[in-house]
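Input: a single structure, listed below in structure tokens.
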Amino acid sequence: MSASSSSSLPLHTTPNFNPSHSSKSTKIKQIQSFKPTHKLHEQKQVESKSYFHQISSLCKQSQIKEAITLLTEMDFKNGCVYERALSTGQQIHARILKTGGFYSKNEYIETKLVIFYAKCDLLNVANQLFHKLEKKNVFSWAAIIGLCCRMGSNEKALMGFNEMHENGFLPDNFVLPNALKACSTLQMVGFGKGVHGYALKMGYNSCVFVSSSLVDMYGKCGLLDDANKVFDEIVDRNVVTWNSMIFSYAQNGMDEEALKVFYCMRMVDVEPTRVTVASFLSAAANVDAVDEGRQGHAIAILSGLELDSILGSSIINFYSKIGFIEDAELVFSNMVEKDVVTWNLLISGYVQQGKIEDALDSCRLMRSENFGFDSVTLTTILSASTKMRNVELGKECHGYCIRNNFDSDVVVANSIIEMYGKCESTGKARRVFEKTVQKDLTFWNTLIAAYAESGLSGEALKLFYQMQLEGVPPNVVSWNSVILGFLRNAQVTEAENIFSEMQCMEIQPNLITWTSLISGLAQNGHGDRPIHYFKEMQIRGLQPNTVSIISLLSACINVSSLEFGKAIHGYIIRRQFFSSLSILTSLVDMYAKCGNLYLARKFYNMVNYKELPIYNAMISGYSLHGQAGEAFEVFNRMQKENIEPDEITFTGLLSACDHTGLVEKGLKVFNDMISEYRMKPSMHHYGCMVSLLSRCGNLEEALRFVLEMPLEPDAQILGSILSACKEQNKIELGEYLSQYLFKLEPDNSGNYVALSNTYAAAGRWDEVLKLRNIMREKKRKKAKEKARLQLDSNRNRTPCVCCRR
DNA sequence: ATAGGGTTAG
């Protein structure tokens, strides 16, 4: 497309056209002044229409020959959506109209015009011309169907497909990919299968464009077996075919298969594209495949693939999902074409690593580079507030949402409800919920989950019935939350009842139902029942995924059940779940805390890229078993690897000192934590120190720590110092500490016993009696509370509209 | 005689 050919045009109106117009710098500017694309279309349409009228009134006497010359010129540039080509086309159109006669009724020219306007994405003009056509043909139909697909009118595209077929125009291999794309966006597998049948009948399945689209269609509709079958039968696969197969697996959570297909593709020497690497990396990220993902990144570099916003985003997504935030940062800084998505991924990477300050800094930077927050950014910040239990941040974000009209966005509103529900008050969550106009299923579920997670099972159940009264039928998620609520409140029988009730209602329990039931039973101390449910779930054909395996392992830790842990480990080995770092970490954690340090060490040694959690698991394991030396050895090792310790690390180290009576070392670690690592010790850390010092008889120092603590001492801490008081007959100190004791719940009656023993040893019987009474009163209150809760949930049971009467 | 197509991150 040389400049000379365009300057020879007789009707050349814009002589200064510069083809370098699409250079990188302008492209970046275009992206930075981001506008939604559909608005651009509208704008263009209005402009071209007025231009169109101007030209048709200007060109009064035109000549056919010129029109044809221009037509050829237009052909030359077809596929071009630049403004200039559009106006050229419009000029030709105007001339044809003015001339009338043969050319305005020529099937070829008319079809060509439809194709031209369709290419320029002018839906209305193209449609008008198309409907006025005397003779439609495969080409004009194809143009219109393609246009409908591009503009997102998928129903229209499929209706067009049917109509053209009914009118005797046989859709060809150019129409089929668009029709299939419309099927997959609309999730109409039935239609898609029909198209597949038609393609087979007509022999279009040998066209790689059609067969690749079939793979994509089956993949997007979740029929992976069909996708794979079509894929296997394709002889001359191209990159797009491979990409479609890889992405199909990846988007259906069959990530291992996606990785395998990628390796097969490498074996047959097909050059990967950006799409290939992006899909591969999303699969690698999902299964924590660290080495594989790094290879993917390397392949992208070696193949010289351009780091555009999509490929870059997928690399950032990979690194931040596996927790390599520094690598994500590096890729981010090397990217020229950043968009909102890129920023969002970096921000959510920081949030996942708990680096809230970095996340907020990025938000500010993002704004200063003229990117506005979108609903994903806001949802991420809201989830960060939820995760960190930072209501202030959450409120600020809520304010921003209101000011910028994001509070009506369904996803954002949901995160707001979730934030209030989990961090502050369920009441506030409820108020936001009441204000939402359309209370759809998700909103109800969010609110129910908020109550359920706080163990307010009665409230959760009430909402569960209320939603049904308001005509919103609950789904699995709602049922799951009700079950979780009961389990959190130690109402195991109620949870199991709901579990069977949901099956009576023909709601199939899913992975989450089973997992929360299993871990809830484990946490409530029902020894072998969790394993029973674990087996039952597999009999019903449900395979646990990474998340549920991890949650099962942490359930073992909660009950220190080595037996249950071993059962799950056996399962992991049989299913070869080993590739995942997070599962290995959980295994190490389980063995370390359930008492098999040998196995914990073995798996710890197996991990190449060790991260903080796995070190922490070993340290706390050693500490639990009184092996302080080994705990410190692991700590030294992680310092050598430049891994920053966190609160949990220090909890492990300090309790190791506590368990082995290392006073000097404990004091040193505690001081290092404050001065060298600039950390604020938590309740737990003070607790270790108080316990360590009391046990070693240094009660003055222990008291100093109690007074320094940010919060009032809890039952455990009081217990350790009170029993030391008893040993040493320090009645005054015991008496002094009783002020804290009275504020506590009576769960740890041991403390009361310790204190009353202290009094008893001093012969202060009146005090002993007083303590007994306080204890009894508190216990009675607690029992009443529990009975009321029980009553509430029973009362709620009566108005049920869903159970069989 | 003649025209045109599929896959991509949260």
Side-chain angles (χ1 to χ4, degrees), chain A residues 68 71-72 74-76 78-79 106-116 118-119 137-147 149-150 171-185 199 204 207-217 219-220 227 231 234 237-248 250-251 272-283 285-286 300 305-321 328 331 335 337-349 351-352 374-380 383 411:
Chain A
I68 297 296
L71 203 57
T72 330
M74 193 179 79
D75 276 358
F76 218 77
N78 62 27
N106 177 284
E107 186 189 336
Y108 172 64
I109 292 179
E110 282 183 305
T111 307
K112 192 77 187 167
L113 277 169
V114 171
I115 293 169
F116 168 73
K119 286 248 92 178
N137 57 26
V138 188
F139 300 106
S140 45
W141 271 114
I144 287 298
I145 291 173
L147 178 60
C149 273
R150 274 204 302 289
D172 64 4
N173 53 330
F174 286 86
V175 183
L176 290 175
N178 278 322
L180 288 168
K181 193 180 160 193
C183 294
S184 50
T185 343
Y204 286 128
C207 169
V208 71
F209 282 83
V210 175
S211 44
S212 301
S213 301
L214 279 169
V215 173
D216 176 60
M217 184 274 294
K220 286 223 170 80
F231 178 82
I234 302 175
R237 299 173 190 139
N238 65 11
V239 209
V240 180
T241 322
W242 287 99
N243 290 352
S244 302
M245 196 65 240
I246 295 171
F247 186 68
S248 290
Q251 85 188 140
T273 63
R274 295 195 302 262
V275 181
T276 324
V277 179
S279 313
F280 173 75
L281 283 178
S282 95
N286 288 339
L305 299 178
E306 189 202 341
L307 192 70
D308 68 343
S309 69
I310 292 177
L311 177 59
S313 298
S314 64
I315 301 174
I316 291 175
N317 178 48
F318 165 73
Y319 281 126
S320 67
K321 253 195 192 154
V331 175
M335 281 175 67
E337 279 184 36
K338 288 164 192 147
D339 63 7
V340 195
V341 179
T342 326
W343 282 99
N344 286 345
L345 284 172
L346 183 74
I347 293 168
S348 84
V351 170
Q352 275 169 49
D374 69 356
S375 53
V376 177
T377 329
L378 293 165
T379 313
T380 311
S383 76
V411 186

(request) Assign A/A143 to base, sugar-phosphate, or nothing according to its heavy-atom contacts below 4.0 angstrom with the strands shown. (result) nothing
(message) Can you see if the side chain of A/K220 gets near the phosphate of B/dT8 - specifically, an N or O under 4.0 Å from OP1 or OP2?
(response) yes
(request) Let me know which of A/V114, A/V175, A/N178 forms a side-chain contact (heavy atoms from CB on, under 4.5 Å) with A/I144. (result) A/V114
(request) Could you check how far CD1 of A/I109 sits from P of B/dA3, rounded to whole Å? (result) 14 Å
(request) Look at the side chain of A/T241 and decide which nucleotide, out of B/dG6, B/dT7, B/dG5, has an atom nearest to it. (result) B/dG6
(message) Let's see if you can work this out: which of B/dG6, B/dT7, B/dA3 has an atom nearest to the side-chain heavy atoms of A/K112?
(response) B/dA3
(request) Measure distances between side-chain N and O atoms of A/S212 and base N and O atoms of B/dG6, and say whether any donor-acceptor pair falls under 3.5 Å. (result) yes
(request) For A/S282, report the nucleic acid contact type (base, sugar-phosphate, nothing); a contact means any heavy atom under 4.0 Å. (result) nothing
(message) I'd like to know if the side chain of A/R274 and the backbone of A/L305 have a donor-acceptor N/O pair within less than 3.5 Å.
(response) no
(request) Check the pair A/T276 / A/W242 against side chain to side chain contact (heavy atoms under 4.5 Å, CB included), numbers first and verdict last. (result) CA-CA 8 Å; A/T276 324; A/W242 287 99; 6.0 Å; no
(request) Could you state the atom-to-atom distance from CE of A/M217 to P of B/dG5 in whole Å? (result) 21 Å
(message) Under 4.0 Å, counting only non-hydrogen atoms across every strand here, what does A/L345 touch: a base, just sugar-phosphate, or nothing?
(response) sugar-phosphate
(message) Heavy atoms from C-beta onward define the side chain here; which of B/dG10, B/dG4, B/dT7 lies closest to that of A/N317?
(response) B/dG10
(request) Measure from the side chain of A/K321, starting at C-beta and using heavy atoms only, and say which of B/dG6, B/dG4, B/dG10 lies closest. (result) B/dG10
(request) Classify the nucleic acid contact of A/N344 as base, sugar-phosphate or nothing, counting any heavy atom under 4.0 Å across all strands shown. (result) base
(message) Classify A/F209 by what it touches in the nucleic acid, base, sugar-phosphate, or nothing, heavy-atom distance under 4.0 Å.
(response) base
(message) Distance check needed: B/dA3 P versus A/F116 CZ, whole Å only.
(response) 17 Å
(message) Just verifying a value: how many Å separate A/Y319 OH and A/S314 OG, rounded to the nearest 0.5 Å?
(response) 11.0 Å
(request) Check whether any side-chain N or O of A/N137 sits under 4.0 Å from OP1 or OP2 of B/dA3, and answer yes or no. (result) no
(request) Would you give the length of the straight line joining atom OG1 of A/T380 to atom CG of A/L346, rounded to the nearest 0.5 angstrom? (result) 11.0 Å
(request) Consider the side chain of A/D172, meaning its heavy atoms from C-beta on, and name the nucleotide among B/dG4, B/dG5, B/dA9 that approaches it most closely. (result) B/dG4
(message) Can you measure A/W242 atom CH2 to B/dT8 atom P for me and round it to whole angstrom units?
(response) 18 Å
(message) Can you tell me if A/K119 touches the phosphate of B/dG4, counting only side-chain N or O atoms and a distance under 4.0 Å to OP1 or OP2?
(response) no
(request) With the side chain of A/N178 defined as its heavy atoms from C-beta on, choose the nearest nucleotide among B/dA9, B/dG6, B/dG4. (result) B/dG6
(request) Locate the shortest heavy-atom distance separating A/E337 from A/T342; write the atom from each residue and the value. (result) O-OG1, 4.5 Å
(request) Tell whether A/N238 reaches the base of B/dG6 with its side chain through a donor-acceptor pair below 3.5 angstrom. (result) yes
(request) Take atom CG of A/L346 and atom P of B/dG10, then tell me their distance rounded to the nearest Å. (result) 15 Å
(message) Please pick, from B/dG4, B/dT7, B/dA9, the nucleotide with the shortest atom-to-atom distance to any side-chain atom of A/N243.
(response) B/dT7
(message) Can you measure A/F247 atom CZ to B/dG6 atom P for me and round it to whole angstrom units?
(response) 17 Å
(request) Tell me what A/S213 touches on the nucleic acid: a base, only sugar-phosphate, or nothing, going by heavy atoms under 4.0 Å. (result) sugar-phosphate
(request) May I have the distance from A/M245 (atom CE) to B/dT8 (atom P), rounded to whole angstrom? (result) 14 Å
(message) Rounded to whole Å, how long is the line connecting atom CG of A/L176 with atom C1' of B/dG4?
(response) 13 Å
